[in-house]
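These notes concern the structure reproduced below.
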Protein chains: 2
Amino acid sequence: MAVAEQVTAGVAWERTLRAVSRLLRVFDRELQDDVDLPLTWYDVLVQLYSAPDVRLRMQTLSDSLVLTRSGATRLVDRIEKAGLVRREPAAEDRRGYYAILTADGQRLMERAQKAHGAGIERHFGKHLDPDEQKTLFAIMSKLLAGNQNIPG
Amino acid sequence: MAVAEQVTAGVAWERTLRAVSRLLRVFDRELQDDVDLPLTWYDVLVQLYSAPDVRLRMQTLSDSLVLTRSGATRLVDRIEKAGLVRREPAAEDRRGYYAILTADGQRLMERAQKAHGAGIERHFGKHLDPDEQKTLFAIMSKLLAGNQNIPG
DNA sequence: TTGCATTATTTGCAGGTACAATTATTGCAA
DNA sequence: TTGCAATAATTGTACCTGCAAATAATGCAA
């Protein structure tokens with residue numbers, strides 16, 4: 001047993017969890033204050049905004065979100081009710097639907113992106129130099145790749 | 001604009017969020033399968049287990065959890081109902097309460113720790129060499145320190 | 001010592017989320 | 001071409017969470 005505290009996997013994971021949770025809460029509140037948008041809504045809107053034709057199949061969408069399929073369904077329900085997104089049946093597979101960003105959604109998105117981008121810089125980017133950001137990206141990519149084929 | 005994709009703060013944060021979310025879901029399911037314990041319960045039990053006298057003030061507990069105060073109250077309610085934790089008023093400040101691990105709680109904790117530790121190694125530690133774990137720990141510590149004084 | 005701002009914790013309430021079952025459609029295989 | 005397992009998405013249900021208000025106790029200041 002060394003004198004200096006050893007960084008075990010458990011300790012590293014725990015600290016990661018804490019830091020990420022705190023950031024999530026900060027981002028959520030700030031986004032809500034700035035453009036009256038929950039972070040979960042924002043996540044949906046960004047995905048669509050950066051997709052070809054500002055549209056995505058429900059499945060693709062939920063895969064890239066931090067949610068299950070059913071969670072994505074309800075979330076899109078709410079956003080659709082607010083007029084930021086609309087649904088359209090998929091021509092090529094009638095089981096599927098597209099979620100599509102509306103004009104209102106795009107406008108809001110542009111404001112939100114500015115606000116959230118600034119928040120990320122303020123609470124995340126500012127504290128890490130470019131090397132650290134690159135390293136973090138690499139580490140998280142490894143973890144994601146190593147846990148790919150898991151449902152949810 | 002460089003040819004190689006640049007790792008901006010936003011991209012690094014997004015990847016972090018995805019990876020952590022996936023790990024959380026994996027850990028939660030595995031723990032549930034192995035010892036029939038939700039990850040949130042586990043979080044409470046570990047904190048108490050590693051505290052002096054296996055007890056912690058509600059406030060201290062919720063501070064170290066990924067939850068608000070009120071969330072911690074309800075969570076401890078449920079765990080208490082299951083007999084793994086009990087509450088005791090704080091002698092030194094009658095506004096406060098201690099959450100205390102019961103004997104049952106300690107027994108379960110020992111099993112759970114083994115299972116979850118293995119899971120962390122399998123899905124997290126295994127994919128990162130010791131240097132990366134140390135770096136990650138350092139990065140997350142910076143982020144946590146930089147976002148200290150924020151309520152929630 | 002009385003009054004009041006502050007702190008610790010809990011509750012009412014209004015969503016948000018996951019799991020499992022359901023509906024609709026696809027496409028392969030006999 | 002009929003039957004059936006697989007797939008896309010949704011819905012029923014039960015639980016979990018956060019916010020803000022309520023309750024209770026503290027301790028400082030006039």
Side-chain angles (χ1 to χ4, degrees), chain A residues 21-22 24-33 36-44 55-82 85-100 149-152, chain B residues 17 21-33 36-44 55-82 85-100 149-152:
Chain A
S21 306
R22 164 142 305 152
L24 271 176
R25 211 162 310 155
V26 173
F27 289 151
D28 191 31
R29 181 166 26 235
E30 285 195 352
L31 203 56
Q32 200 109 29
D33 289 349
D36 195 33
L37 203 63
L39 189 56
T40 49
W41 289 37
Y42 178 84
D43 275 346
V44 171
R55 75 181 54 205
L56 240 34
R57 288 286 296 267
M58 288 302 293
Q59 176 163 34
T60 317
L61 186 57
S62 78
D63 281 348
S64 49
L65 290 175
V66 177
L67 272 179
T68 60
R69 299 268 145 84
S70 90
T73 295
R74 322 276 187 158
L75 180 52
V76 169
D77 283 350
R78 277 171 262 142
I79 303 180
E80 187 174 29
K81 209 164 291 175
V85 158
R86 64 191 174 81
R87 264 184 256 235
E88 196 171 283
E92 75 278 13
D93 181 344
R94 274 186 294 181
R95 287 169 300 182
Y97 278 88
Y98 281 97
I100 307 171
N149 51 346
I150 283 160
Chain B
L17 181 54
S21 306
R22 163 140 305 149
L23 283 173
L24 271 177
R25 211 161 311 153
V26 172
F27 288 152
D28 191 31
R29 181 167 28 235
E30 285 194 353
L31 203 55
Q32 200 110 27
D33 289 350
D36 195 32
L37 203 63
L39 189 56
T40 49
W41 290 38
Y42 178 84
D43 277 345
V44 170
R55 75 181 54 206
L56 239 36
R57 286 288 295 268
M58 288 303 292
Q59 176 163 33
T60 318
L61 185 58
S62 79
D63 281 348
S64 49
L65 289 175
V66 177
L67 272 178
T68 59
R69 300 269 144 86
S70 89
T73 295
R74 324 277 186 152
L75 181 52
V76 169
D77 282 349
R78 277 171 263 142
I79 304 179
E80 187 175 28
K81 209 163 290 176
V85 158
R86 63 190 174 82
R87 265 183 255 234
E88 196 172 284
E92 75 278 13
D93 181 345
R94 274 186 293 181
R95 289 169 300 182
Y97 277 87
Y98 281 98
I100 307 170
N149 50 345
I150 284 161

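All values below come from the heavy atoms of this structure, side chains included, with hydrogens, waters and symmetry mates left out.
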Open item on the list: Within the 4.5 Å heavy-atom criterion, are A:Val66 and B:Leu24 side-chain neighbours or not?
Closed with: no

Could you tell me which residues satisfy side chain to side chain contact (heavy atoms under 4.5 Å, CB included) with [X], sequence neighbours excluded, listed by chain and number?
X	answer
A:Ser64	A:Gln47
A:Thr40	A:Pro38, A:Leu75
A:Tyr97	A:Met58, A:Arg87, A:Pro89
A:Asp63	A:Gln59, A:Arg69

I'd like a list of close polar pairs between nucleotides 6-9 of chain C and the protein, N/O only, cut-off under 3.5 Å.
{"unit_1": "C:dT7", "atom_1": "O2", "unit_2": "B:Arg95", "atom_2": "NH1", "d": "2.7"}
{"unit_1": "C:dA8", "atom_1": "OP1", "unit_2": "B:Gln59", "atom_2": "OE1", "d": "2.6"}
{"unit_1": "C:dA8", "atom_1": "OP2", "unit_2": "B:Gln59", "atom_2": "OE1", "d": "3.4"}
{"unit_1": "C:dA8", "atom_1": "OP2", "unit_2": "B:Gln59", "atom_2": "NE2", "d": "3.1"}
{"unit_1": "C:dA8", "atom_1": "O3'", "unit_2": "B:Arg57", "atom_2": "NH2", "d": "3.0"}
{"unit_1": "C:dT9", "atom_1": "OP1", "unit_2": "B:Arg57", "atom_2": "NE", "d": "3.0"}
{"unit_1": "C:dT9", "atom_1": "OP1", "unit_2": "B:Met58", "atom_2": "N", "d": "3.4"}
{"unit_1": "C:dT9", "atom_1": "OP1", "unit_2": "B:Tyr97", "atom_2": "N", "d": "3.1"}
{"unit_1": "C:dT9", "atom_1": "OP1", "unit_2": "B:Tyr97", "atom_2": "O", "d": "3.2"}
{"unit_1": "C:dT9", "atom_1": "OP2", "unit_2": "B:Gln59", "atom_2": "N", "d": "2.6"}

Can you measure [X] atom [atom1] to [N] atom [atom2] for me and round it to whole angstrom units?
X	N	atom1	atom2	result
B:Leu61	C:dT10	CG	P	10 Å
A:Ile79	D:dT10	CD1	P	13 Å
B:Leu67	D:dC15	CG	C1'	14 Å
B:Leu24	D:dC16	CG	P	16 Å
B:Asp77	C:dT10	CG	P	7 Å
B:Asp33	C:dA18	CG	C1'	14 Å
B:Asp28	C:dA18	CG	C1'	10 Å

Open item on the list: Can you work out whether B:Trp41 or B:Glu92 has the more 5'-proximal nearest nucleotide on DNA chain D?
Closed with: B:Trp41

- [ ] Name all pairs fulfilling the salt bridge (charged side-chain N to carboxylate O under 4.0 Å, His left out) condition that reach into residues 89-100 of chain B, sequence neighbours left out, sorted by first residue then second.
- [x] B:Arg57-B:Glu92, B:Asp93-B:Arg95

Open item on the list: If you assign A:Arg94 and A:Leu75 each to the DNA chain C nucleotide with the nearest heavy atom, which residue ends up on the more 5' nucleotide?
Closed with: A:Leu75

Task: Under-3.5 Å donor-acceptor pair between A:Ser70 side chain and C:dC19 base - done: yes

- [ ] Return the nearest nucleotide to the side chain of A:Arg74; candidates are D:dT17, D:dG18, D:dG12.
- [x] D:dG12

Open item on the list: Could you measure the distance from the CZ atom of A:Arg55 to the OG1 atom of A:Thr60? Nearest 0.5 Å is fine.
Closed with: 12.5 Å

Open item on the list: Whether B:Arg78 contacts D:dC16 is assessed here as follows: a side-chain N or O lying under 4.0 Å from the phosphate OP1 or OP2. Is that the case?
Closed with: yes

